[in-house]
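This report concerns only the one structure given below.
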Amino acid sequence: DTFIITSLVCSTKLTQNVGLLGLLKWRMKPELLQENLEKLKIVDGEEIVKFLQDTLDALFNIMMEHSDTEKYDILVFDALIYIIGLIADRKFQHFNAVLEAYIQQHFSATLAYRKLMTVLKNYLDICCEGKQCEPILRTLKALEYIFKFIVRSRSLFAQLYEEKEQAEFEDSLKRLFESINRLMKNQQGTTILLQVASLKYLPSVLHDVETVFDVKL
């Protein structure tokens, strides 16, 4: 008599998804970094939330280790928007607590606030000029967590460098809100949906912004 045993070994630490694994191990093949960032948006959501902390660490490490260039800023920003959008989905809503815990306990990218604010302002300005900006609606829906990352990053920077560059930060933040104001005043029919989204999601950022910005300014 004979019998056959078949087994399947599956790691709970390393993803089996080739695209996501390429991003998590991006330092091994940096020449594929752009491709792996682009592929993240087609990775199954369940796989991403399963490795949420590792994925976010990879994105912000990419941003920090390329702090002297803008080459990957938009790709990292769009990937972050995609992840925030996933967690907003009812299917993954229970990961909101995981994302909140990550921001407060694990996130450490002290320079990320500059890059996040720059890309966000660029997207807003493109729309104000009447040009097409495909990611902007997803971006507005993700405003709450974008600002949570901005505020946490700035707070960590200020703690590390004793409030250094506070005036520059406040000026950048004012210019960012001025871009939002211009979007709200825009009379083009194509911006109506964006204005509605801004009214819906912008109030969610105010509590966090008040912790790093003097509202009287």
Side-chain angles (χ1 to χ4, degrees), residues 8-30 32-66 71-109 112-113 115-116 119-120 122-124 132-153 193-194 196-198 200-205 208:
L8 174 64
V9 178
C10 181
S11 172
T12 56
K13 179 60 180 174
L14 296 177
T15 175
Q16 306 302 301
N17 184 284
V18 176
L20 182 56
L21 186 61
L23 179 62
L24 297 181
K25 302 290 185 181
W26 65 273
R27 290 187 184 88
M28 296 178 65
K29 291 186 177 180
L32 297 179
L33 180 52
Q34 180 172 332
E35 179 183 339
N36 286 325
L37 282 167
E38 292 170 346
K39 284 182 177 179
L40 182 66
K41 287 178 281 187
I42 61 174
V43 173
D44 183 73
E46 290 187 1
E47 195 71 9
I48 291 178
V49 297
K50 190 190 306 180
F51 298 96
L52 183 60
Q53 181 176 333
D54 291 335
T55 304
L56 291 171
D57 281 345
L59 291 177
F60 285 110
N61 283 337
I62 292 166
M63 187 172 276
M64 290 290 286
E65 292 185 29
H66 296 87
K71 183 175 181 179
Y72 300 108
D73 289 2
I74 291 176
L75 288 171
V76 171
F77 186 93
D78 288 349
L80 183 61
I81 295 305
Y82 174 66
I83 293 173
I84 295 172
L86 278 178
I87 295 174
D89 189 291
R90 183 176 299 176
K91 183 179 180 182
F92 302 116
Q93 276 187 341
H94 53 289
F95 281 92
N96 270 317
V98 179
L99 182 56
E100 291 276 1
Y102 175 83
I103 294 172
Q104 295 302 320
Q105 300 172 19
H106 301 288
F107 176 68
S108 61
Y113 72 93
K115 291 179 174 286
L116 294 175
V119 177
L120 176 56
N122 287 343
Y123 279 177
L124 291 165
Q132 181 100 10
C133 183
E134 189 271 332
I136 186 61
L137 187 57
R138 293 194 302 274
T139 300
L140 292 174
K141 291 179 179 179
L143 273 181
E144 178 181 3
Y145 281 104
I146 295 174
F147 272 92
K148 283 183 182 295
F149 278 113
I150 289 172
V151 168
R152 183 59 177 159
S153 173
L193 183 60
L194 304 180
V196 171
S198 297
K200 181 177 180 180
Y201 297 106
L202 189 59
S204 65
V205 315
D208 289 303

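Index from 1, following the sequence.
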Fill in the blank from the handout: Note: Leu140 and Tyr201 closest approach over all heavy atoms is O-CB, 3.3 Å
Handout entry: Check: Glu65 and Trp26 side chains under 4.5 Å, non-hydrogen atoms
Key = yes
Handout entry: Lys41 NZ: over 12 foreign heavy atoms closer than 6.0 Å
Key = yes
Practice task
Determine which pairs satisfy side chain to side chain donor-acceptor pair (under 3.5 Å) with at least one residue from residues 89-98, sequence neighbours left out, and list them in order.
Solution key: Glu46-Lys91, Asn96-Tyr145
Problem - Sole candidate of Asp54, Leu37, Val43 that passes side chain to side chain contact (heavy atoms under 4.5 Å, CB included) when paired with Leu23 - result: Leu37
Handout entry: Verdict with supporting geometry, Leu33 and His66, side-chain contact (heavy atoms from CB on, under 4.5 Å)
Key = CA-CA 12 Å; Leu33 180 52; His66 296 87; 4.0 Å; yes
Exercise for the section: Grab the two heavy atoms, one from Ala197 and one from Leu137, that are nearest each other, plus how far apart they are. Expected result: CB-CD1, 3.8 Å
Exercise for the section: Verify, without hydrogens or angle tests, whether Thr55 (side chain) and Phe51 (backbone) share a donor-acceptor contact under 3.5 angstrom. Expected result: yes
Exercise for the section: Check whether any side-chain heavy atom of Ile87 sits under 4.5 Å from a side-chain heavy atom of Leu52, and report yes or no. Expected result: yes
Exercise for the section: Return each pair, listed once, that meets salt bridge (charged side-chain N to carboxylate O under 4.0 Å, His left out) where at least one residue sits in residues 71-81; pairs must be two or more places apart or across chains. Expected result: Asp73-Lys115
Practice task
State, to 0.1 Å, how close Gln104 and Arg152 come at their nearest heavy-atom pair, and which atoms those are.
Solution key: O-NH2, 3.1 Å
Handout entry: Aromatic ring pairing Phe60/Tyr102, orientation class (parallel under 30°, perpendicular over 60°, tilted between)
Key = parallel
Practice task
Using the side-chain contact (heavy atoms from CB on, under 4.5 Å) rule, take Phe149 and Leu99 through it: C-alpha gap first, then chi angles, then the decisive distance, then the call.
Solution key: CA-CA 10 Å; Phe149 278 113; Leu99 182 56; 4.0 Å; yes
Problem - Any Leu124 side-chain heavy atom under 4.5 Å of Leu194 side chain - result: no
